[in-house]
Amino acid sequence: MAATTPPATNLEGEDAREGRSPMMPEDGYEWKKYGQKFIQNIRKNRSYFKCRNRRCKAKKRLEWLPSDPSSIRVIYQGAHDHPSPRPQSNLEQEASARRANRYNLANQVLGSPSDPS
DNA sequence: CGGCTTTGACCTCAT
DNA sequence: GATGAGGTCAAAGCC
Ligand SMILES: [Zn+2]
């Protein structure tokens, strides 16, 4: 194999930083990731997000199976002190609000592709 | 320069 | 009293 060591052609690119952890799901707010841990209790991966606003105590956590990173569960904790600086989608925005109303003002669970229960 | 992401270490609570 | 799990903060690196 002559070990050519392709210098320029970065074909194999280690740029494959994708698929590791779910990207920041913009749901209408800005979040800052501050931790990630594997929960043994449910055998799931958990990502911890905090609202960009220091005044806001709203937190968000992403939970997904290491075997199925496609299905992500979003758990919102706390409430915001400021309106959404990021209009997401009239349709989804209403849906989100409706869901929150159905569950709690600070404790909702969203399913990724298809919501289970 | 600022801001965000990632990992490790540290803290706390329950058993 | 110690351990494990869960949760949070800080520092470094990168753009
Ligand atoms: Zn907020």
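Keep in mind that what you see is a predicted model, and the values were worked out from it rather than measured.
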Name all residues meeting the side-chain hydrogen bond (donor to acceptor under 3.5 Å, both in side chains) criterion together with A:Arg46; count only those two or more places apart in sequence or in a different chain, and write none if there are none.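 Listed in chain order: A:Glu63.
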
Nucleotide [N], atom [atom2] - distance to [atom1] of [X] in whole Å:
X       : N      : atom1 : atom2 : value
A:Arg46 : C:dT8  : CZ    : C1'   : 14 Å
A:Phe38 : C:dG7  : CZ    : P     : 13 Å
A:Leu62 : C:dG7  : CG    : P     : 13 Å
A:Gln40 : C:dA5  : CD    : C1'   : 7 Å
A:Tyr34 : C:dA11 : OH    : P     : 18 Å
A:Lys37 : B:dT5  : NZ    : P     : 19 Å
A:Lys59 : C:dG7  : NZ    : P     : 10 Å
A:Asn45 : C:dG6  : CG    : P     : 11 Å

Look at [X] and [N] and indicate whether a side-chain polar atom (N or O) is within less than 4.0 Å of OP1 or OP2.
X       : N     : answer
A:Gln36 : B:dT7 : yes
A:Tyr48 : C:dG7 : yes
A:Lys32 : B:dT5 : no

Just wondering, do A:Cys51 and A:His82 contact through their side chains at under 4.5 Å, heavy atoms?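 With C-beta onward as the side chain, the pair touches.
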
Heavy-atom pair of closest approach, residues A:Lys59 and A:Trp31: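 Of all heavy-atom pairs spanning A:Lys59 and A:Trp31, the closest is C-CZ3, 3.7 Å.
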
Check the orientation of A:Tyr29 and A:His80. Use parallel for under 30°, tilted for 30 to 60°, and perpendicular for over 60°.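 Geometry flag for A:His80 against A:Tyr29: parallel rings.
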
A:Ile42 or A:Lys50: which one's nearest nucleotide on DNA chain C is closer to the 5' end?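 In this pair, the answer is A:Ile42.
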
Proximity to the side chain of A:Arg61 - top-ranked nucleotide from C:dG6, C:dG7, C:dT8: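 The nucleotide sitting nearest to the side chain is C:dG7.
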
Given C:dC9, B:dT5, C:dG7, which nucleotide is nearest the side-chain atoms of A:Ile39?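 Of C:dC9, B:dT5, C:dG7, C:dG7 is nearest to the side chain of A:Ile39.
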
